[in-house]
Amino acid sequence: MTRRSRAAVMTGLRTTEIREFDLPEIGADAGWLRVEVNGICSSDWNMYNNDKPGPRILGHEMVGRIEQLGSIAAYRWGVSEGDLVALEEYLPCGHCEYCRAGEIRSCIATDQRFSGGVRYGSTPLKVAPALWGGYSQYVYMPPRAIIHRVPDGVPPRIAAMCLPVGNGFQWTYYDCGAGPGKIVVIQGPGQQGLGCALAARIAGADMIIVSGLSTDAERFELAKLFGADHTIAVDKDDLLETVADLTKGRMADIVIDTSGLGPNNINPSLRLLRKRGVMATLSRKGSARDFDAELLIGQQLTLKGLRGHSYDAVEMALRAMASRRYPFERMSTHVMGLDQVDHALRMVGGQLKERSIHVSIDPWI
Ligand SMILES: [Zn+2]
Ligand SMILES: [Zn+2]
């Protein structure tokens, strides 16, 4: 009997249609994942607003059970049919200088901004066998797939947050060097900002401050449970003055901007740093007015662009989940079915009144 997969296909700008696909035969070096749940990330909303690549199945934060596994894939990946796994969104080449150095996120073969780059959640249907996104019952696992085993006792709905929380470990610990003695300011209390707070806490930072808006009250409460010492609503209190007060004028060693406020946020954020501080940002939309190079050079600051994570950072997130010391279940606020993908994307994109922290899709409900 041929197996089929229901999937939510992005057919045009902010348009989704349910379609069914046959699962073709695959080679001995590949596999099929039966998706249990797929997490939605803010980048999905950006992709939903870009129809250039053509029809595709979005979703790149997949957790599921291995349904079918070729003999070569079983040998190479060290997993068995039935195992619960989380997939990386990256499908790296494995042999370029970035891959060889363990920096799979930098591999050009898996960067969708370059022609021919393939990764989950952004590869069009026209690339066989079409099932490259997590808003689907089954997902193709090509020879390049990168797999994490989900530790015992971590439910799929929690494991589905391992990539955004992994970003927190990557950015805070690996990219910005959080650790003992460091004061860390995290802008934006979403899933990635909460991941940054957790990583800073586990790394042993001295003080962790999370900023957002007064509408983020629930997220602030969670930020404290994940490790924040202080939270600041920037529409009520001045961020610069409050950071100066809390740190007794010492200011921050690290500022991580996950807010998406745009390049205009760079100058004010750099002012939160003490001399030799490091700022890293995700804010790419729009353009910066009068970038303050004098401040950057005068204070000997470092400014970095954030994008993605290493394998290790995701393993750290999965271990934090397995420790049961943090309330990840409160971070997962919504689970919806394939028929509600459009609604779920709009919710994550901030287009609806209803608030969420982490939303995931269960393709079987
Ligand atoms: Zn993502
Ligand atoms: Zn590579």
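First listed ligand is number 1; within each ligand, the first listed atom is number 1.
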Applying side chain to side chain contact (heavy atoms under 4.5 Å, CB included) to D339 and not counting sequence neighbours gives R6, I18

Under the side-chain hydrogen bond (donor to acceptor under 3.5 Å, both in side chains) rule, what do S283 and D257 come out as? Steps first, then yes or no, please. CA-CA 7 Å; S283 284; D257 171 21; 2.8 Å; yes

Excluding water, the protein N, O or S atoms sitting under 2.8 Å from the Zn ion (ligand 1) are C41 SG, H60 NE2, E61 OE2

State whether D206 and R250 are salt-bridged, where the test is any N-O pair (Lys NZ or Arg NE/NH1/NH2 against Asp/Glu carboxylate O) under 4.0 Å. no

Do the rings of F226 and Y326 sit parallel, tilted or perpendicular, given the 30° and 60° boundaries? parallel

If you leave out waters, which protein N, O or S atoms are less than 2.8 Å from the Zn ion (ligand 2)? C93 SG, C96 SG, C99 SG, C107 SG

Connecting only ILVMFWY residues whose side-chain heavy atoms lie within less than 4.5 Å of each other, what is the rest of I297's hydrophobic cluster? none

Test: R274 and D253 ion pair at under 4.0 Å: yes

Using the six-membered ring wherever Trp is involved, compare the ring planes of W132 and Y140 and label them parallel, tilted or perpendicular (cut-offs 30° and 60°). perpendicular

Is the closest side-chain heavy-atom distance between D29 and R76 below 4.5 Å? no

Regarding E221 and R219, does a basic nitrogen lie under 4.0 Å from an acidic carboxylate oxygen? no

